[in-house]
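Below is one structure, written out as structure tokens; the observations come after it.
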There are 2 protein chains.
Amino acid sequence: MPSSPGRQRTPRTSLSRERILAAAVQVADERGIASVTMRKVAEHLGVEAMSLYHHVANKDEILDGIVDVVFGEIELPVGQFDWKTTMRRRAVSARHVLARHPWALGLMESRRHPGPSTLRHHDSVIGSLRAAGFSIGMAAHAFSALDSYIYGFVLQESNLPFRTTEELEDMAETIVQRMPAGVYPHLAEMIADHALQPGYAYGDEFTFGLDLILDGLERALLGPGAPARGGPFRQTGADRSAPPPPG
Amino acid sequence: MPSSPGRQRTPRTSLSRERILAAAVQVADERGIASVTMRKVAEHLGVEAMSLYHHVANKDEILDGIVDVVFGEIELPVGQFDWKTTMRRRAVSARHVLARHPWALGLMESRRHPGPSTLRHHDSVIGSLRAAGFSIGMAAHAFSALDSYIYGFVLQESNLPFRTTEELEDMAETIVQRMPAGVYPHLAEMIADHALQPGYAYGDEFTFGLDLILDGLERALLGPGAPARGGPFRQTGADRSAPPPPG
DNA sequence: ACCTGAACACCGTTCAAGT
DNA sequence: ACCTGAACACCGTTCAAGT
């Protein structure tokens, strides 16, 4: 009687790709990406390591999968606001999601198979820019500039010596120890007179760079005839919504 | 006779931390970061894995070490040009070095001990900005914005579906296969009408975003009373070289 | 169909031993 | 002082076997 209900001691919920990825994300969040092993993910699910291979081809598929799960958590751009507000909200969401799963960025470099959530996210961002009047070339520029900034910021945030107060003081110590020899004077100054000041939080830097890029994109969008000095931009491919640049 | 010269069959050159790191970098470049194991690095040096432990505490020290080796390859900002040129040159150098060793960015997320080359590099960048008249707060803004952009760009470059022509066509195939269902229309458009156009190279996007940031920084540096609309910036800590923002 | 035990070729690291 | 062999507790993955 295969489908009869009732208490069975074997599988509480039967294994699935989704349950495996969710468990892997949880293990990565709680114990670091190095702890994401077939054996530990399986243990987390009350199952043997070899059982996982019935739902994923190998560990690489799990790693591809959890990166995609993370992208699926990022708020998709919604159309109710102007493009700058939409892009800013989405950038802030991406930053928070990636900061919550910092291992995802470390994994990105080795992943070459974007999953459906990632593709959907990118598609939505491009669509949002196009709807705001960005040409294909300008949308590509905007997409590249914004995502580069977001990813890099989170990467720095999870790596930079001056992040949290505790680590900062560790760092300050290291710097100060090497000061007698006169090395790193500017780093020392920045730590002492800036990063160690009350109220400092590296995370606050995010909006500065983000607004720099958004404002620059706005200028490029509004007046392609007047790009910022020293920063000409090429419009590649089909440009349907913006007039061609002069010259 | 311990120091007598002549042919000895044992150590061609005696092992050292530097030789171990150089070997580890080479293994990572040639066979990927996953191949950087104590056994393989040792093999590369004609030695047993256990010998490495006499020069490094553990594998983590090797990983910290090779990230620092990579930072040491980046051209330090030199003072003979204006700050924008200096920062642009340094950004281009950082981009190329990091692209040559893409595993370094993947490692960054898990590293918390910046080495001497990394500290020296950061110190030099901050010093260069300060000499150009940036206040401490503005130098922190500039440093964060530029490095975030550079790191994130390389990360995308080593990960984005549309990178090299071969992979791009793979990607286009995937997208097109899902097109009947109407998914990813904007991504499909961008690939077909932009990325697949002759002469396209994702790497060309680098300068656009870089100039956006450099121009924005220049505006912020020249006229703190007239920051771009929507992009106010806070000056934190001691600001010695720039007048305080109005209000 | 789904799960598993044993096995294989690997890991990082310790430790006692060699020179 | 520097290097190493054997050993331990892990890895990812295969395969034949269980239900």
Quick test of your reading of the model: are B:R130 and B:D123 salt-bridged, counting only N-O distances below 4.0 Å? no
What do you reckon, is CZ of B:R89 surrounded by more than 12 foreign heavy atoms closer than 6.0 Å? no
D:dC2 base / B:H54 side chain donor-acceptor hit below 3.5 Å: no
May I ask you to test the A:Y151-B:F153 pair for a side-chain heavy-atom distance under 4.5 Å? no
To the nearest angstrom, the CE-P distance between B:M38 and C:dC11 comes to 12 Å
Dot-bracket notation for DNA chain D, counting Watson-Crick and G-U pairs under 3.5 Å, with | for partners on another strand: ||.|||||...|||||.||
Nearest whole angstrom, please: distance from the P of D:dG18 to the CD of A:E48. 17 Å
Less than 4.0 Å between a side-chain N and a carboxylate O, is that true for B:D64 and B:R112? no
Whole-Å distance separating the CG atom of B:L15 from the C1' atom of D:dT4: 13 Å
Taking side chain to side chain donor-acceptor pair (under 3.5 Å) as the test, write out the residues that go with B:H186, two or more places apart. none
Whole angstrom value for the distance that separates P of D:dC2 from CG of B:L45: 16 Å
Measure up the A:F206 and A:Y149 rings against each other and bin them: parallel (under 30°), tilted (30 to 60°), perpendicular (over 60°). parallel
Phosphate-side-chain proximity, B:K59 and C:dC11, N/O vs OP1/OP2 below 4.0 Å: no
Rounded to the nearest angstrom, tell me the gap between atom CE in A:M50 and atom P in C:dG5. 8 Å
Of all of residues 27-37 of chain A, which get a heavy atom below 4.0 angstrom from DNA chain C, listed by number? none
Could you tell me how far apart B:N58 (CG) and C:dT14 (P) are, to the nearest whole angstrom? 8 Å
Does any part of the side chain of A:R17, heavy atoms only, come nearer than 4.5 Å to the side chain of A:E61, both counted from C-beta? yes
Nucleotide D:dC3, atom P - distance to CG of B:L52 in whole Å: 9 Å
Is there a side-chain polar atom (N or O) of A:K40 under 4.0 Å from OP1 or OP2 of D:dC10? no
A:H55 side chain near C:dC3 phosphate (N/O to OP1/OP2, under 4.0 Å): yes
In sequence, state the C-alpha distance, the side-chain angles, and the governing distance for A:D68 and A:R120, and then conclude on salt bridge (charged side-chain N to carboxylate O under 4.0 Å, His left out). CA-CA 10 Å; A:D68 201 53; A:R120 187 163 133 69; over 6 Å; no
Expressed as a whole number of angstroms, how long is the span from A:R39:CZ to C:dT4:P? 14 Å
Parallel, tilted or perpendicular: ring planes of B:F143 versus B:H122, cut at 30 and 60 degrees: perpendicular
